[in-house]
Amino acid sequence: MAETGEEETASPEASGFSDLSDSEFLEFLDLDDESSASVSKPGPSELPEKDGKSVSLQNWKRGLDVSSPMERFHLKYLYVTDLSTQNWCELQMAFEKELPDFLTPEKAAVLDTGASIHLARELELHDLVTVPITTKEDNWAVKFLNMLSMIPTLQSEGCIREFPVFGEVEGVFLVGVIDELHYTAKGELELAELKTRRRPMLPLEAQKKKDCFQVRLYKFIFDAMVQGKVTPEILIHHTKLCPDKPLGPSVLRHARQGGFSVKSLGDLMELVFLSLTLSDLPVIDILKIEYIHQETATALGTEIVAFEEKEMRDKVQHYMAYWMGHREPQGVDVEEAWKCRTCNYADICEWRKGSGVLSSTMEPQTKKAK
DNA sequence: ATTGCTCAAGGG
């Protein structure tokens with residue numbers, strides 16, 4: 001299985017030895033956080049609100065007019081986990097998108113351990129090969145090549161891990177990765193999502209809710225893909241990929257080694273589309289979440305999740321209304337205010353002050369005029 | 001140039 005490795009082409013003096021060998025195994029995935037230091041924040045802080053008149057003088061160049069979060073954050077698409085984070089707390093997710101996140105070391109360590117466990121599981125099934133890439137086209141090409149190698153495995157009822165999914169949902173393009181797909185003894189296609197936990201305890205209800213939402217969304221997107229609803233045109237429209245842009249040499253080499261004679265990204269997209277729709281892949285029958293303890297790998301619990309498409313779609317629609325700029329972001333309900341205790345943005349968040357608890361107790365007798 | 005723009009999930 002191929003894994004993309006970023007290559008610095010921007011700095012001319014580093015052109016010599018920056019290549020990663022394309023057969024390098026990924027032994028350490030520790031991403032250096034130093035790159036986040038150079039994030040330039042497009043200051044959304046100083047928008048002059050003026051007097052409410054529509055600022056729609058069409059030829060004002062800069063986006064002074066109101067824009068959706070998708071535009072403000074310069075997003076062409078969202079990750080599935082963006083929406084599950086949004087399920088946890090919409091405001092926290094919004095803060096994370098606009099401020100470079102400052103994870104505490106403890107939190108980072110838990111995430112890191114989780115990532116390692118997931119990587120170890122993936123390595124049980126196949127080796128990883130690093131393919132140097134320089135463009136987003138290369139990156140998607142590698143993703144497609146991985147899919148092309150996994151689909152036949154799935155078709156012959158094998159087990160695959162880290163399967164990419166993408167598609168348009170409620171007008172917004174979503175990109176994600178399914179942990180694992182396999183068939184049960186009864187021949188049903190089962191999605192298995194692994195969640196590792198720092199403490200050997202069952203997850204709280206709020207955690208389960210979020211995880212259930214995540215796997216339902218995966219099924220929704222995967223099903224749409226095998227049903228031919230996700231076309232190359234839709235993909236290109238949202239991602240602005242250039243199907244004719246030449247692919248990097250390492251990607252082309254990797255494709256050839258995989259037995260795919262493709263010249264362009266467009267070729268690959270067609271191939272993936274055909275493979276997805278002509279392989280007789282079923283929709284996902286069963287959604288399963290497994291919780292295990294990080295340190296001991298002890299099983300903590302297994303959830304079989306009902307699809308409940310209607311509820312899931314209503315939720316997505318509500319979330320997308322935020323992303324499209326149709327409504328303001330919301331914080332958690334009072335009964336979930338405990339989430340704020342571990343939130344990095346609690347001190348700059350205005351939600352708790354303005355919501356429920358106070359406003360109801362602060363107007364005691366104004367209504368009792370009889 | 002008026003310039004540009006994404007590896008997803010990782011856990012609570």
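Order of the sequence lines sets the chain letters (A, B, ...), proteins ahead of strands, with each chain counted from 1. As the structure is a prediction and not an experimental result, all values here were calculated from the model.
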Can you check whether Tyr79(A) stacks with the dA9(B) base, using ring centres under 5.5 Å and planes within 30°? no

Describe the nucleic acid contact of Val142(A) in one word from base, sugar-phosphate, nothing, applying a heavy-atom distance below 4.0 Å. nothing

CZ of Arg341(A) versus P of dG11(B): gap in Å, rounded? 19 Å

Kindly say whether the aromatic ring centers of Tyr319(A) and Phe213(A) come within a distance under 6.0 Å. yes

Shortest non-hydrogen contact between Val316(A) and Glu170(A), atoms and distance: CG1-CG, 3.8 Å

Are any of His118(A)'s side-chain N or O atoms less than 4.0 Å away from OP1 or OP2 of dG10(B)? yes

Taking atom types as modelled, find out whether Gln86(A) and Trp323(A) have a side-chain donor-acceptor pair closer than 3.5 angstrom. yes

When all nucleic acid strands are considered with a 4.0 Å heavy-atom cut-off, which category describes Glu336(A): base, sugar-phosphate, or nothing? nothing

Categorize Thr196(A) for me: base, sugar-phosphate, or nothing, with a 4.0 angstrom heavy-atom threshold over every strand shown. sugar-phosphate

Find the distance between NZ (Lys97(A)) and NE2 (His74(A)) and round it off to the nearest 0.5 Å. 12.5 Å

In whole Å, what is the span from the CG atom of Leu241(A) to the C1' atom of dC7(B)? 13 Å

Classify Asp179(A) by what it touches in the nucleic acid, base, sugar-phosphate, or nothing, heavy-atom distance under 4.0 Å. sugar-phosphate

Does a nitrogen or oxygen in the side chain of Arg197(A) sit under 4.0 Å from OP1 or OP2 of dG12(B)? yes

Under-4.0 Å salt bridge between Glu303(A) and Lys195(A): no

Whole-Å gap separating P (dA9(B)) and CG (Leu174(A)): 10 Å

Any side-chain donor paired with an acceptor under 3.5 Å for His237(A) and Glu233(A)? no

So what does Glu162(A) touch, heavy atoms closer than 4.0 Å: a base, only the sugar-phosphate, or nothing? nothing

Heavy-atom nearest nucleotide on DNA chain B taken for Gly114(A) and for Lys136(A); more 5' hit belongs to Lys136(A)

Give one of base, sugar-phosphate or nothing for Lys195(A), where a contact means two heavy atoms less than 4.0 Å apart. sugar-phosphate

Using a 4.0 Å heavy-atom cut-off, does Glu193(A) contact any base of the nucleic acid, only the sugar-phosphate backbone, or nothing at all? sugar-phosphate

So which one's nearest nucleotide on DNA chain B is more toward 5', Trp140(A) or Trp338(A)? Trp140(A)

How close or far is atom P of dA8(B) from atom CG of Leu217(A), stated in whole angstroms? 15 Å

Has Tyr291(A) got a side-chain N or O lying under 4.0 Å from the OP1 or OP2 atom of dG12(B)? no

Base of dG11(B) paired with side chain of Glu106(A) (donor-acceptor, under 3.5 Å): no

Once you apply a heavy-atom cut-off of 4.0 Å, does Lys107(A) come out as touching a base, just sugar-phosphate, or nothing? base

OP1 or OP2 of dG10(B) sitting under 4.0 Å from any side-chain N/O of Gln214(A)? yes

Within the 4.0 Å heavy-atom criterion, would you say Leu75(A) contacts the bases, only the backbone, or no part of the nucleic acid? base

